[in-house]
Novice: 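Just dropping this structure here.
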Amino acid sequence: MLKAGLKAPRRLEPEAKLAIAAILTTGRKLKDLRRMSIVEYESDLDLPGCNPEGLIWNKDQISWRFIAGTADVHDARRNKSKRAKKSRGRKGVATPPVYQFVYFDVEEIVQDCLKQFPTQFSPLGKARNGPAPLFVSRKEAHITKIEQLLDTRRPVECGRPRACSRTVPSLERFLTRAMTFQYGGDLVGAMRLTGREETLGRTANYYGETFVSNAATSAKRANGILRGDEKWVPSYAPDDQRIGNSMSPVWREVRDLAEACRKYLKKTARNPLKSHKAMTFQTVALLSFATGHRGMGEALPGSAAIDEITGFCKIHDKLRQRADHARMIWVADVAREQIAIYEDHLGVLGSLLKKQDHQRVLNMVASGRLPIFSIENGAMVRLRYRALWQDLSTELGLWRPMTPNAGRHWLRSVLSGRCSSDTLHAFFGHWLLGNEPWSFGSCLDPLLYRSEIDGVLTEMLKKIRWHARDATGAVA
């Protein structure tokens with residue numbers, strides 16, 4: 001006991017410095033870092049009973065390995081807490097989430113802190129014999145020492161920082177907020193990389209995927225203040241690694257969908273009934289990927305619902321028709337062209353539809369809604385989005401079925417990192433009551449909002465060869 005007491009002070013300060021550096025550069029909470037180990041080989045983290053997160057340190061590879069903060073992981077944590085309260089001590093049964101791992105480069109400041117340990121206490125030497133804990137000091141003493149270091153007055157400072165910035169929670173919030181509020185920052189990408197869960201990003205975390213290389217670039221920029229510059233060093237993670245919702249369609253799938261719609265239009269051009277079906281597929285698919293439609297709620301917007309000058313359109317695509325659920329989007333030029341073509345197509349269906357049904361179609365178009373329907377024995381049969389997308393996936397022979405909100409997932413992935421976080425929340429309708437993007441207290445500029453969306457969306461739709469097409473498959 002005496003020896004342990006003498007060793008503790010020599011080990012406590014290096015551990016406190018290491019914790020501060022690790023929290024700032026990775027965004028992870030102290031309680032999570034204290035459970036991690038340092039290993040020489042990545043396979044050691046996969047041993048039974050070992051925490052899958054930790055620091056990998058050998059000659060070929062120096063990196064952190066963390067569990068990505070996906071929606072599944074956050075849901076599992078919340079459900080575990082709810083079960084614990086409900087069972088009052090009795091353990092509940094839960095299905096563990098599928099972990100997606102993300103790798104962090106180890107910043108120089110962390111490496112310097114590891115080298116400050118006395119030789120006999122260095123975790124680097126212990127890691128050669130298997131997983132070694134990063135921190136072994138008592139939790140209370142560890143936190144106290146960290147707060148003492150944060151409270152130390154620097155010679156160059158004219159005064160102490162405010163008290164709330166000298167705490168462990170303030171350290172833990174730094175990286176997530178720095179990644180969110182920088183240019184092109186995305187709260188969802190920051191949450192997935194740092195593992196933190198923010199209330200504003202809880203819903204948005206279910207949508208799309210984040211390229212690890214993009215998120216790592218954002219983290220490097222945020223950590224530039226610690227290095228004295230903002231230079232970016234390539235991440236250890238491969239460029240094509242993605243974290244998030246695995247059901248999000250990839251670029252190749254979207255390009256194949258656009259090509260399949262073109263071929264189906266050309267194939268059915270001489271059959272009026274099938275040609276209408278093909279035009280419905282083309283219009284719904286293009287608008288879903290251009291507007292981020294949820295695939296529920298009201299019909300797709302028509303020309304009458306879109307402002308001719310600005311291109312703005314307010315849509316309700318939730319089942320609950322409330323004013324605070326409406327979102328204002330900018331409709332791309334190619335989507336507006338497709339809407340006009342589809343409306344002209346609906347206007348010449350008088351020979352296929354009964355008179356009263358055709359009039360209903362024209363009335364919906366005049367009110368700014370695009371009717372989605374099939375024609376059976378001259379009658380208009382309204383289609384649900386889910387049934388429509390199932391039929392579309394079967395008819396077009398897609399190798400993986402598309403869901404009604406597949407375009408929303410893809411669009412969230414495309415815009416992430418290329419638009420501001422405020423623009424993303426406004427476009428997809430992800431906000432909390434009281435901080436609506438178009439309320440009287442909002443500072444969001446509609447012109448900047450439109451410029452950001454236009455600059456990215458138009459280019460991306462061209463890359464996947466989405467064009468407005470008529471019933472013959474020809475580009476308008």
Side-chain angles (χ1 to χ4, degrees), residues 11-12 14-58 60-81 83-84 91-107 110-111 113-114 117 121-143 146 168-169 171-172 175-176 190-197 212 215-216 219 235-237 241 243:
R11 185 176 57 202
L12 187 58
E15 285 195 359
K17 292 181 178 179
L18 175 60
I20 293 174
I23 293 172
L24 287 175
T25 57
T26 66
R28 299 283 159 161
K29 293 185 178 181
L30 177 62
K31 65 177 183 179
D32 296 329
L33 290 171
R34 285 184 57 85
R35 292 196 291 262
M36 297 181 190
S37 304
I38 181 171
V39 297
E40 189 173 5
Y41 303 103
E42 183 178 355
S43 57
D44 292 341
L45 293 175
D46 299 324
L47 295 174
C50 183
N51 187 349
E53 300 180 298
L55 179 63
I56 305 168
W57 186 289
N58 59 35
D60 301 325
Q61 180 176 312
I62 304 175
S63 64
W64 296 95
R65 188 176 89 163
F66 295 126
I67 296 174
T70 58
D72 293 342
V73 173
H74 291 156
D75 285 345
R77 291 174 182 172
R78 288 196 302 272
N79 293 337
K80 181 179 179 181
S81 176
R83 285 193 305 274
K91 293 184 178 180
V93 179
T95 303
V98 178
Y99 291 143
Q100 300 179 36
F101 292 105
V102 62
Y103 297 85
F104 262 81
D105 292 328
V106 176
E107 295 281 353
V110 177
Q111 299 182 31
C113 291
L114 283 168
F117 279 83
F121 303 136
S122 175
L124 300 178
K126 298 179 180 179
R128 296 187 179 91
N129 300 322
L134 271 177
F135 306 104
V136 296
S137 58
R138 292 186 301 107
K139 178 181 177 181
E140 295 78 7
H142 197 193
I143 295 176
I146 291 174
V168 174
L171 291 179
E172 297 171 346
L175 186 59
T176 304
M191 287 172 53
R192 289 169 178 171
L193 200 69
T194 63
R196 290 183 60 87
E197 183 180 23
V212 174
S235 173
Y236 165 74
Q241 183 186 356
I243 50 178

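Note that these values count all heavy atoms, side chains included, but never hydrogens, waters or copies made by symmetry.
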Novice: Do Arg28 and Phe66 form a cation-pi contact, if we require the NZ or CZ to be under 6.0 Å from the six-membered ring centre and within 45 degrees of the ring's axis?
Specialist: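 Yes, cation above the ring, under 6.0 Å and within 45°.
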Novice: Should we say atom CZ of Phe101 is surrounded by more than 12 heavy atoms from elsewhere, each under 6.0 Å from it?
Specialist: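 More than 12 within 6.0 Å, yes.
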Novice: To the closest 0.5 Å, what do you measure between OG1 (Thr176) and CD (Glu197)?
Specialist: 11.5 Å
Novice: Grab the two heavy atoms, one from Ala219 and one from Leu175, that are nearest each other, plus how far apart they are.
Specialist: O-CD1, 4.2 Å
Novice: Please confirm whether the backbone N or O of Ile56 pairs with a side-chain atom of Glu42, one donor and one acceptor, at under 3.5 Å?
Specialist: no
Novice: Can you tell me how far apart CZ (Phe104) and OG1 (Thr194) are? Round to the nearest 0.5 Å.
Specialist: 7.0 Å
Novice: Going from CD on Glu15 to CZ on Arg34, what distance comes out if it is rounded to the nearest 0.5 angstrom?
Specialist: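 If we round to the nearest 0.5 Å, Glu15:CD and Arg34:CZ are 7.5 Å apart.
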Novice: Would you compute the distance between atom CD1 of Ile67 and atom CZ of Arg192 and round it to the nearest 0.5 angstrom?
Specialist: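 Ile67 CD1 to Arg192 CZ: 16.0 Å, rounded to 0.5 Å.
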Novice: For Ala22, give me all partners under side chain to side chain contact (heavy atoms under 4.5 Å, CB included), at least two apart in sequence or on another chain.
Specialist: Leu33, Trp64
Novice: Could you tell me whether a side-chain N or O of Asn51 sits under 3.5 Å from a main-chain N or O of Arg35, the two making a donor and an acceptor?
Specialist: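 At least one qualifying donor-acceptor pair exists.
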Novice: Quick check: closest heavy atoms across Trp57 and Ile38, and the distance to 0.1 Å?
Specialist: CB-CD1, 4.2 Å
Novice: For the pair Arg65 and Asp46, find out whether any cationic side-chain nitrogen is under 4.0 Å from an anionic carboxylate oxygen.
Specialist: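 Counted as a salt bridge, because a side-chain N and a carboxylate O are separated by less than 4.0 Å.
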Novice: Ser37: what forms a side chain to side chain contact (heavy atoms under 4.5 Å, CB included) with it, not counting sequence neighbours?
Specialist: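 With neighbours one apart ignored, the set is Pro131.
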Novice: Is Leu30 close to Ile146 at the side-chain level, that is, under 4.5 Å between some pair of heavy atoms?
Specialist: yes
Novice: Return the minimal non-hydrogen interatomic distance between Glu107 and Thr25, and the atom names on each side.
Specialist: CG-CG2, 3.6 Å
Novice: Side chains of Thr70 and Gln100 only: does a donor on one sit below 3.5 Å from an acceptor on the other?
Specialist: no
Novice: Measure the OG-CG distance between Ser63 and Leu55 for me, rounded to the nearest 0.5 Å.
Specialist: 7.5 Å
Novice: Please work out whether the ring planes of His142 and Phe135 are parallel, tilted or perpendicular, with thresholds of 30° and 60°.
Specialist: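 Tilted.
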Novice: Ignoring hydrogens and geometry, is there a side-chain-to-backbone donor-acceptor pair from Glu53 to Met36 under 3.5 Å?
Specialist: no
